[in-house]
Protein chains: 2
Amino acid sequence: MSQSSHASTASTLHEVARIAGVSPSTVSRILNGTARVSDDKRKAVEAAIANLSYKPNLLAQGLKKGRAMTIGILTQDLASPFFTEALMGVEAALAGSGYAPLIVSGHWHADEEAERVELLMARRVDGIVILSGSLSDKQIGRFAERLPIVATGRRIDTGQARGIALDQLEGARLATDYLLELGHRQIAFIAGLPEHDDARARLAGYRAALEAAGIAFNPALVVQGNFQESGGLLAVNELLETRQRFTAIFCANDQTAYGARLALYRRGIRVPDDISIIGFDDLPNSNYTTPPLTTVRQPVYEMGKQAARTVLQLLNGETPTLTQLPLELIMRESARRIL
Amino acid sequence: MSQSSHASTASTLHEVARIAGVSPSTVSRILNGTARVSDDKRKAVEAAIANLSYKPNLLAQGLKKGRAMTIGILTQDLASPFFTEALMGVEAALAGSGYAPLIVSGHWHADEEAERVELLMARRVDGIVILSGSLSDKQIGRFAERLPIVATGRRIDTGQARGIALDQLEGARLATDYLLELGHRQIAFIAGLPEHDDARARLAGYRAALEAAGIAFNPALVVQGNFQESGGLLAVNELLETRQRFTAIFCANDQTAYGARLALYRRGIRVPDDISIIGFDDLPNSNYTTPPLTTVRQPVYEMGKQAARTVLQLLNGETPTLTQLPLELIMRESARRIL
DNA sequence: GTTTAGTATGAAACCGTTTTCAAGATCAAG
DNA sequence: CTTGATCTTGAAAACGGTTTCATACTAAAC
């Protein structure tokens with residue numbers, strides 16, 4: 001018994017025209033400032049608009065103009081602080097541009113991601129920002145035949161596709177070097193998901209730093225995580241059971257570090273007194289863990305911002321100005337000099 | 001020198017019709033299954049669709065049907081885990097419904113929120129979910145004259161507006177009772193922002209529980225926070241300086257608890273051995289703090305889900321089935337019996 | 001006063017769909 | 001065979017805007 005939903009229907013440009021006693025064309029012209037209009041008509045139209053509290057139908061506008069004033073954002077996990085921070089950057093870049101973000105989530109699954117991108121295109125978004133994910137460069141390239149796309153975590157620069165990549169390997173080297181500098185020699189590594197480019201690059205950075213310092217890579221010290229707290233926890237337990245000696249743990253990301261830290265806490269192992277921990281990402285929370293987490297800061301906010309700005313530039317036919325964003329070691333209290 | 005953006009234009013229903021040698025009406029009918037169509041034409045059309053990889057223009061569809069298949073979501077802070085979890089719930093409820101969420105953020109500022117809602121309506125969203133915020137019930141009521149709105153954190157039930165409120169007072173009582181039960185008698189409270197309804201309700205719950213237990217309310221034990229880590233940290237410092245004795249701290253939310261915990265850590269005060277801490281929200285992270293945080297779980301995911309589901313029901317003319325969602329005490333390791 | 005250029009405005013076409021309406025085709029019943 | 005009912009299909013109008021085009025009107029130039 002559908003309570004006859006009394007949705008008072010919105011007013012249209014035609015009504016405004018009728019009330020003001022002018023033609024629709026004139027109203028449109030006034031709205032867009034696309035031609036001069038006599039003062040009296042303008043007054044009348046403005047009065048009518050205020051009166052009806054008329055707001056143009058963005059759907060109709062988008063259809064006619066061929067620009068929906070929307071940027072599609074493909075994220076992977078709404079709950080992950082990493083992605084939300086990037087989202088904040090995107091939001092900031094889009095603010096005031098007239099473009100609204102349409103956010104969809106792919107959940108790290110290539111098929112779902114492709115489907116979501118199709119959805120965005122069906123909604124006729126004007127451009128797309130892809131935050132990481134598992135789509136192949138080729139697929140992205142194909143999508144980019146239709147509209148500008150900026151993807152993070154990859155290096156592409158073809159047609160209307162751009163990539164913004166952070167130097168993960170360098171970041172991992174930064175972290176490892178720091179531990180080495182503090183005197184650590186047995187450094188465990190909790191890896192991310194191997195199908196993940198970034199994860200492999202970080203592992204590579206860890207190895208590279210070790211080798212540069214003349215320390216043999218010990219496979220027994222690297223154990224698989226999953227980029228989540230649970231993986232860090234399990235990994236540390238595993239590590240402890242193998243009875244390998246180590247004085248520091250480098251975690252593939254901060255969430256992993258949180259889990260690792262809890263595992264140590266459970267066994268009464270002190271951080272950083274007994275074991276040092278270093279993370280990767282610098283999530284907002286890492287400033288408030290006990291102890292505050294030493295980590296490698298990824299400028300994800302700036303990355304999101306730059307990605308969105310680049311899409312906007314592509315849309316305006318400008319040549320985008322992509323600058324390499326640096327990773328940075330954030331020294332807090334979870335790692336200390338070995339005695 | 002706008003590099004002639006080669007956006008290969010998307011195919012339209014008319015092209016499909018032309019290629020298949022039928023009228024646009026027929027194509028539309030096949031797409032929507034709105035009438036029977038002879039087998040040969042259907043085959044031809046399906047071939048043409050696959051051939052052109054045609055996807056209907058959702059903008060045009062929305063314009064024509066008067067339904068944009070979009071639900072507007074007004075959130076406050078993309079970075080806050082509280083809101084993102086609600087967002088996840090919304091996403092889950094919308095999945096497979098054909099409706100896409102259009103997420104905008106109001107940043108806790110009533111003016112901005114109103115403006116964002118206007119924007120959503122200009123985009124002709126079919127319904128709106130408002131996650132908390134500072135809009136007055138009256139304003140929401142006015143918006144709800146045009147479309148269905150479900151708002152969390154309030155009790156409204158007028159026309160097309162619905163509210164989903166959690167019993168904050170009860171939650172705070174749960175937490176306080178638990179501490180009392182553990183033998184605590186001097187319980188500090190770090191309050192949220194006073195202009196925030198929930199914050200006041202939680203304070204009231206704390207007082208109610210105290211009084212029910214025959215313990216005099218001590219104003220010196222409640223200190224102002226800001227719902228953020230920084231506020232918790234400052235508040236604990238303040239508390240410690242007043243030299244008031246207390247054995248437990250009840251924090252208005254988990255983020256506050258994180259800050260409080262760090263302040264204690266800095267002074268070498270152990271949790272829970274020296275002081276117990278209890279939070280409110282049960283953010284995902286609270287399972288991985290050291291020690292894991294005892295807290296009151298707010299079912300925000302379910303709340304977001306229910307909110308979105310309710311909008312959908314309102315849209316279909318069904319009478320929504322709103323069930324009160326219970327708060328729940330999550331006992332972890334940050335609070336313990338006093339000796 | 002006629003011609004020219006320029007201005008303000010409205011009519012109508014269009015964006016890509018859906019849907020009403022009417023017509024043509026098919027077929028069973030009489 | 002008609003007749004009427006049923007089914008398939010296309011033409012055209014509509015959704016709410018923008019934009020091209022044409023026109024009536026001024027104002028300037030000769």
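Reminder, nothing fancy here: chain letters follow the sequence lines and each chain counts from 1. All values below come from the heavy atoms of this structure, side chains included, with hydrogens, waters and symmetry mates left out.
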Counting heavy atoms from C-beta on, name the nucleotide in D/dT9, C/dC14, C/dT9 closest to the side chain of B/Ser38. D/dT9
Starting at atom CD1 of B/Ile49, determine the distance to atom P of C/dT17, rounded to an integer number of angstrom. 10 Å
Give a yes or no on whether A/Arg42 atom CZ has more than 12 heavy-atom contacts from other residues, nucleotides or ligands under 6.0 Å away. yes
A/Ile30 CD1 to D/dT19 P: how many Å, rounded? 15 Å
Look at the side chain of B/Ser28 and decide which nucleotide, out of D/dT18, C/dT19, C/dG16, has an atom nearest to it. C/dT19
Using the side-chain heavy atoms of B/His14, tell me which of these nucleotides is nearest: D/dT9, C/dT17, D/dG17. C/dT17
Can you tell if the side chain of B/His196 reaches within under 4.5 Å of the side chain of B/Trp108, non-hydrogen atoms only? yes
From the options C/dG10, C/dT17, D/dG16, select the nucleotide whose nearest atom is closest to the side chain of A/Ala60. D/dG16
Value in whole Å for how far the P atom of D/dG16 lies from CZ of A/Arg67: 22 Å
Contact class for A/Val22 (heavy atom, under 4.0 Å): base, sugar-phosphate, or nothing? sugar-phosphate
I'd like to know whether NE2 of A/His109 has more than 12 heavy-atom contacts from other residues, nucleotides or ligands below 6.0 angstrom. no
For the residue pair B/Glu195 and B/Ser134, confirm or rule out a side-chain donor-acceptor distance under 3.5 Å. no
In whole angstroms, how far is the P atom of C/dC15 from the CG atom of B/Leu13? 13 Å
For the residue pair A/Ser23 / A/Thr26, report whether a side-chain donor-acceptor contact shorter than 3.5 Å exists. yes
Any side-chain heavy atom of B/Glu113 sitting closer than 4.5 Å to one from B/Gln76? yes
Under 4.0 Å between a side-chain N or O of A/Gln61 and OP1 or OP2 of D/dG16? no
Separation of D/dC15 atom P from A/Glu15 atom CD, nearest Å, is 11 Å
State which of C/dT9, D/dT9, D/dT18 makes the closest approach to the side chain of A/Asn32. D/dT18
Rounded to the nearest Å, what distance is computed from the CG atom of residue A/Leu63 to the P atom of nucleotide D/dA14? 17 Å
Should A/Asn57 be listed as having a side-chain N or O under 4.0 Å from OP1 or OP2 of D/dC15? no
Looking at the side chain of A/Thr12, which of C/dT18, C/dT9, D/dG16 is the nearest nucleotide? D/dG16
Closest to side chain of B/Ser25, choosing from D/dG16, C/dA11, D/dA11: D/dA11
Across the strands shown, which category fits A/Lys64 at heavy-atom distances under 4.0 angstrom: base, sugar-phosphate, nothing? base
Give the rounded distance in Å between these two atoms: CG of A/Leu59 and P of C/dT17. 13 Å
Just the rounded figure in Å: distance from C1' of C/dT9 to CZ of A/Arg18. 19 Å
Of the listed nucleotides (C/dT17, D/dG17, D/dG10), which one gets closest to any side-chain atom of B/Pro56? C/dT17
Select base, sugar-phosphate, or nothing to describe what B/Arg29 touches, counting heavy atoms under 4.0 Å on all strands. base
